[in-house]
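Input: a single structure, listed below in structure tokens.
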Amino acid sequence: MSAYVAFARSGFLTSFAYRNEVWANIFGKLVQVFARVAIWLAVYAGVTAVDGISISDMITYALLGGVVMGATRYDRIVRHVGNALKTGDVAVWLLKPVHYPLYLLAIEAGASAYTFLLAVVPTIIIVALLYGMQPPASAFHGLMFVGFCALSFLIHFLCAAIFGVLAFWLMTVFSLEWLLQSLISLLSGLLIPFWFFPEPFGTMASHQPLAWLVYYPSAVWLGRLDTIQTLLYFGFGLAWLGLLAALLALLWHRASSRITVQGG
Amino acid sequence: MTALIEARGVSKRFRQHKRFPGLLGAFKTLVTAEYTEVAAVSDVSFDIQAGEAVGYLGPNGAGKSTMIKMMTGILVPSAGSLTVLGRTPHEQRMANARQIGVVFGQRSQLWWDLPVIDSFALHQRIYDIPQARYAENLERFSALLDLTPFLDRAVRQLSLGQRMRAEIVMSLLHDPKILFLDEPTIGLDVVAKDAVRRFLAEINRERGVTIILTTHDLQDIETICPRLIMVDHSKLIFDGELGRLRAALGSSRRLTLEFATDPGPLPLATATLTSDEGLIKHYLLEREDVSLVHVLSEVGSTRDLKDVALHEPNIEEVIRTFYQGRNIAATATS
């Protein structure tokens, strides 16, 4: 166990090696969050509320999207797994008494913690000071938001790692990265919350795993889900988490045993 | 005592998706599922005892790396049985991993962005090395391979020679019983090669770490490995001491005789004349039982002999003769 704690720590410390990236990161995140806020300001021009959602709700939603999606980098994970398998570098990991997917999770947790503290938090503070941000709907919702954030990170990691392993059979790492990118921008709720989706797409979108990346954490913060619903959807999220973990384990086993049987 | 590594008729075949040439062929490749089988290792058997140092030698594509990968548990043999430390490596990969060290010359195991010392610290956690033992090994190995000046530098800033030395030290920190090295000196300069060789020889001698290394560089084998396993076209072709290989090949020694005045053509019964430059004549001593004394007594004391030089064949020549001899034999029989 101590090895994985050490990996997380090294993921965190490795990020320090690229100091300029911190500034580039903050700047990039600022632009992204500003863009989303600007879109909603334009959409809401002259209107106080659409479907009972105020502009202040939407600015908060845009900010929360930056909080949950700002730190974890699916592209980094897809590339890491995909390249390790395609180039055969994964052999190095098969030589060590370590589970590679858990190693990756630990490294990513460390790197995400770093980006969160040094890029996400400053960005959110700057934008929140400029445009204002609503507090969580209640103490319960605030607390559950933290739980949903953890769920968001884990589901995010699993989806990206699954796509990375698929690169072993399907196509280039790059094209899978693009595919996942478009799926995430549409189906996580990052660009448009599902309550603006026409039915039945709204219902469909809110039951697939990517919805737990942005939509549910933000909806919980804003109090769009009552207590029962919040707990229910947290449970659904856990179920997706278990399912995706099992899928990753299966695919990983297939890919690594194909390497060991057929050669890398 | 049973052998540390036992290979019995080990084979490894790879299936390769058959590709068809040309544009139409490219489409054909997409829809067909034809495979060609390539044998990387065929029916190889050997025993390696604790404390041995074995050089695994062969030309490119002879199946050296494949054999190392099978012994470390990351490839599964297609046929035959292989045990390492009493285990089947691929079935007990984790347990096997804790007792072996592996160095790939072409693939780094260090963390690219971290200082060397941090990579070592992670290695300590992965293998649960007790702190005292870790500190002791680190100090000793760092001193032997002169790692101290760059322990704090990030791996991506190291030269190849420095990186390789760090790789080797890391692979030994958890006191492995066996150390596998796949071309450890590839791309190194003469000084770095020498340092690595002397270090490996010392580790083998003092700590009794069993060493198995593949290489193209015959000097590696001469310095580190008393025993040599040679493979070619996936098959084992020689297993034994280097000296035995020399003897088995008749080891043609070369003799150079230099005269003060040209004695004219000088054919000898004991040696074959290969080239005649007048004052300097080159001979080949093909028979083992012929000594320099025999040759000199045949030349006689009347001639104006100025200097004599006898060249023992070096390992490169021995092995070149060996492979060439095999190829000739192969063409003759086919």
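Chain naming here is simple, since letters A, B, ... match the order of the sequence lines and numbering starts at 1 in each.
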Are there more than 12 heavy atoms of other residues, nucleotides or ligands under 6.0 Å from atom [atom1] of [X]?
X        : atom1 : value
B:Gln157 : CD    : yes
A:Arg9   : CZ    : no
B:Arg153 : CZ    : yes

**Prompt:** Under 30°, 30 to 60°, or over 60°: which ring-plane class applies to B:Trp111 and A:Trp93, parallel, tilted or perpendicular?
**Reply:**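 It falls in the perpendicular class, over 60°.
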**Message:** Using heavy-atom distances under 4.5 Å, tell me whether B:Ser108 contacts chain A through its side chain, its backbone, both, or neither.
**Reply:**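 Backbone only.
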**Request:** Report yes if some heavy atom in the side chain of A:Lys96 is under 4.5 Å from a heavy atom in the side chain of B:Gln109; otherwise report no.
**Result:**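 Result yes, sub-4.5 Å side-chain heavy-atom pair found.
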**Message:** Within the structure provided, determine whether A:Pro97 and B:Ile126 are in side-chain contact (heavy-atom separation under 4.5 Å).
**Reply:**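 Result yes, sub-4.5 Å side-chain heavy-atom pair found.
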**Asked** Is it the backbone or the side chain of A:Phe7 that comes under 4.5 Å from a heavy atom of chain B, or both, or neither?
**Response**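 Both backbone and side chain.
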**Item:** Which of A:Leu95, A:Val98, A:Val90 touches chain B most, by non-hydrogen pairs under 4.5 Å
**Value:**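 Among A:Leu95, A:Val98, A:Val90, the one with the most close pairs to chain B is A:Leu95.
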**Item:** Leading residue by heavy atom contact count with chain A [cutoff under 4.5 Å; candidates B:Arg98, B:His123, B:Met94, B:Met70]
**Value:**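 Option with the greatest count: B:Met94.
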**Request:** Using a cut-off of under 4.5 Å on heavy-atom pairs, state which of B:Trp112, B:Tyr127, B:Phe104 scores highest against chain A.
**Result:**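 Looking at each option in turn, the highest pair count goes to B:Tyr127.
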**Message:** Between B:Arg93 (side chain only) and A:Leu94 (backbone N and O only), is there a donor and an acceptor less than 3.5 Å apart?
**Reply:**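 Pair found, side chain donor or acceptor close to backbone of A:Leu94.
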**Message:** Using a 4.5 Å heavy-atom cutoff, which residues in residues 237-244 of chain A come close to chain B?
**Reply:**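 Under the 4.5 Å heavy-atom cut-off, nothing qualifies.
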**Request:** State the OG-CG distance between A:Ser10 and B:Leu122, to the nearest 0.5 angstrom.
**Result:**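 One gets 5.0 Å once the value is rounded to the nearest 0.5 Å.
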